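In what follows, a single structure is set out as structure tokens and then discussed.
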Amino acid sequence: MHGYRYIEGTATLQVDLQRCVACGLCAEVCPHRIFALSAEGLEVKDYDLCMECGACARNCPVQAITVSPGVGCAAALLAPLVNRLLGRKVLSGCC
Amino acid sequence: MPQVATAASFRDFCGTVGARIGIIRRKYKVAPGIYAVGTPGSESPVLVTANYKLSFDALRLQLCGVDAWLLVLDTRGINVWCAAGKGTLSTEEVIRSVEHSRLALVVSHRELVLPQLAATGVTAQDVKRGCGFQVFFGPIRAADIPTYLQQGNQCNETMREVTFTLPERAVLIPVELFLLAKPLLITLALMFVLSGIGPSLFSLNAALHRGLTLLTATLLGIFGGAVLTPLLLPWLPCRQFWIKGVLAGLAAAVISWLLPAARYSLPEQLALFLWMITLSSYLAMNFTGSTPFTSPSGVEYEMRRGIPVQIAATCLTIVLWVGSPFF
């Protein structure tokens with residue numbers, strides 16, 4: 001995604017290349033195109049472009065990918081605290 | 001089988017505007033199930049989508065001249081990517097929908113085309129195992145569907161990459177502002193009370209005059225964080241959104257210096273300045289939720305740094321603003 005980079009070194013994406021069977025499904029579903037598949041196998045081009053959406057890990061047939069998935073949203077991360085303060089169960093208003 | 005049009009009506013237009021502003025966003029849904037586009041037969045492709053009306057429209061309005069079935073999942077009126085992230089657009093929901101709609105009796109093939117972004121919530125192999133249908137992850141944008149189908153379920157590289165262009169960012173601004181209306185009203189009451197406190201305990205005159213100035217500063221802070229930040233996002237320096245917001249807030253603060261705010265005392269000017277920047281910083285940090293490239297780990301990283309600064313700056317603002325009549 002040209003013109004956008006987020007904070008370096010924070011993404012939790014890990015790929016076990018020993019386990020990888022090079023099926024290419026992760027490369028297909030990644031919305032930031034960080035995987036490349038060649039004759040030598042799978043390559044992760046840029047870990048820092050990962051937004052931890054979890055699509056690759058969910059679709060990996062051999063569980064070679066681990067990532068702590070979630071929505072990168074400050075309001076969502078604050079929601080448990082805000083809900084506790086206001087005595088609510090769910091965050092209202094947001095997506 | 002309900003037939004859907006591939007052209008937008010005036011009513012669709014009004015609905016889109018209402019959803020984009022935020023007024024009807026939470027209840028802008030269509031009934032889940034199978035719909036026909038064009039004159040589909042048993043060999044026609046099945047396109048899967050969410051039951052948020054904007055998602056449904058985004059898809060059907062691109063299907064002029066295409067014969068296909070639409071399988072609309074029950075995502076509780078949430079768009080594809082958010083629903084996939086939150087678990088309402090899931091493997092189980094796809095299987096349930098296929099079975100509940102008796103899709104196997106409608107088509108002779110066993111293939112589903114899902115939007116690529118649904119992959120966050122759907123495991124293709126498990127759908128196949130659960131209901132016998134093979135999942136193809138199609139393009140991200142509905143506009144690419146006709147080309148995708150023509151190419152025999154093949155995507156070009158550009159169809160698979162998310163974008164965040166100026167129009168895509170600008171369209172998010174109305175909802176950002178709409179969601180602020182309620183907290184703004186609560187803050188407004190508090191601001192007028194704080195503005196009235198003075199040596200004579202409470203002055204209604206000061207509450208109105210200073211309160212109005214504080215309201216102006218608040219609106220400028222909102223302008224910085226919820227309007228300038230989305231518009232200028234790729235050009236604002238720094239990776240962390242709370243810092244981007246500080247910079248956008250500074251830009252908004254400069255505008256206010258051209259306004260009569262400059263005739264206030266130095267502590268008051270400082271308070272107004274701090275408040276605009278802090279508010280802008282906080283709102284910019286919240287904008288992470290609307291972008292397609294921020295990771296939760298990254299957002300947590302910057303919140304640990306940004307929130308303490310924002311809280312400290314807010315406390316200082318209150319001290320300066322409430323204290324200035326006593327100085």
Side-chain angles (χ1 to χ4, degrees), chain A residues 1-14 23-37 46-63 65 67-79 81-82 86 90-95, chain B residues 22 25-26 78-79 81-86 91 116-126 135 137 140 155 157 160-165 175 178-180 182-183 233-235 239-242 282 284-303 306-307:
Chain A
M1 199 163 130
H2 304 290
Y4 297 101
R5 289 190 73 86
Y6 199 41
I7 308 164
E8 310 278 304
T10 54
T12 53
L13 177 72
Q14 283 184 325
C23 70
L25 209 46
C26 55
E28 183 178 308
V29 297
C30 176
H32 290 285
R33 320 310 295 149
I34 70 169
F35 301 99
L37 199 65
D46 193 343
Y47 280 93
D48 287 323
L49 283 182
C50 175
M51 60 169 290
E52 302 177 319
C53 72
C56 55
R58 179 174 287 283
N59 280 282
C60 179
V62 291
Q63 285 85 47
I65 303 176
V67 62
S68 157
V71 282
C73 168
L77 291 174
L78 276 178
L81 180 70
V82 174
L86 300 177
V90 285
L91 178 76
S92 65
C94 231
C95 79
Chain B
R25 192 170 67 117
R26 310 205 116 240
I78 304 290
N79 69 72
W81 210 4
C82 282
K86 289 169 122 185
T91 306
Q116 185 189 325
L117 297 180
T120 288
V122 176
T123 311
Q125 306 96 285
D126 292 350
V135 167
F137 289 113
I140 289 178
C155 273
E157 192 58 19
R160 293 221 171 273
E161 185 165 16
V162 285
T163 54
F164 205 33
T165 58
V175 160
F178 179 80
L179 290 174
L180 285 174
K182 209 169 120 188
L233 194 68
W235 304 291
R239 301 278 166 79
Q240 300 185 40
F241 278 56
W242 72 277
Y282 177 75
M285 198 181 74
N286 263 348
F287 190 65
T288 52
S290 306
T291 71
F293 68 99
T294 54
S295 62
S297 299
V299 174
E300 196 185 324
Y301 174 95
E302 72 161 277
M303 280 167 75
I307 289 180

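For clarity, every value in this text was computed on a predicted model and none was experimentally measured. Naming: A, B, ... by sequence-line order, numbering from 1 per chain.
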Determine the minimum heavy-atom distance between [X] and [Y], stating which atoms define it.
{"X": "A/Val29", "Y": "B/Phe137", "value": "CG1-CD1, 3.5 Å"}
{"X": "A/Cys73", "Y": "B/Gly289", "value": "CB-CA, 3.3 Å"}
{"X": "B/Val122", "Y": "A/Arg58", "value": "N-CD, 3.4 Å"}
{"X": "A/Asn59", "Y": "B/Ala124", "value": "OD1-N, 2.8 Å"}
{"X": "B/Ser295", "Y": "A/Tyr6", "value": "N-CD2, 3.7 Å"}
{"X": "A/Ala74", "Y": "B/Asn286", "value": "CB-OD1, 3.6 Å"}

Where does [X] contact chain A at under 4.5 Å (heavy atoms): side chain, backbone, both or neither?
{"X": "B/Met285", "answer": "both"}
{"X": "B/Phe164", "answer": "both"}
{"X": "B/Trp81", "answer": "side chain"}

Hey, what do you get for [atom1] ([X]) to [atom2] ([Y]), rounding to the nearest 0.5 Å?
{"X": "A/Ser68", "Y": "B/Glu300", "atom1": "OG", "atom2": "CD", "value": "8.5 Å"}
{"X": "A/Ile7", "Y": "B/Glu302", "atom1": "CD1", "atom2": "CD", "value": "4.5 Å"}
{"X": "B/Ile307", "Y": "A/Leu78", "atom1": "CD1", "atom2": "CG", "value": "4.5 Å"}
{"X": "B/Arg160", "Y": "A/Cys30", "atom1": "CZ", "atom2": "SG", "value": "11.0 Å"}
{"X": "B/Thr294", "Y": "A/Glu52", "atom1": "OG1", "atom2": "CD", "value": "10.0 Å"}
{"X": "A/Asp48", "Y": "B/Arg239", "atom1": "CG", "atom2": "CZ", "value": "8.0 Å"}

*Please indicate whether B/Gln125 has more than 12 foreign heavy atoms, meaning atoms of other residues, nucleotides or ligands, lying under 6.0 Å from its CD.*
yes

*Relative to chain A, which of B/Ile140, B/Val135, B/Thr123 shows the most heavy atom pairs under 4.5 Å?*
B/Thr123

*asked:* I'd like to know if the side chain of A/Tyr4 and the backbone of B/Phe293 have a donor-acceptor N/O pair within less than 3.5 Å.
replied: no

_Engaged part of A/Cys50 at the chain B interface, taking heavy atoms whose separation is under 4.5 Å_ = backbone

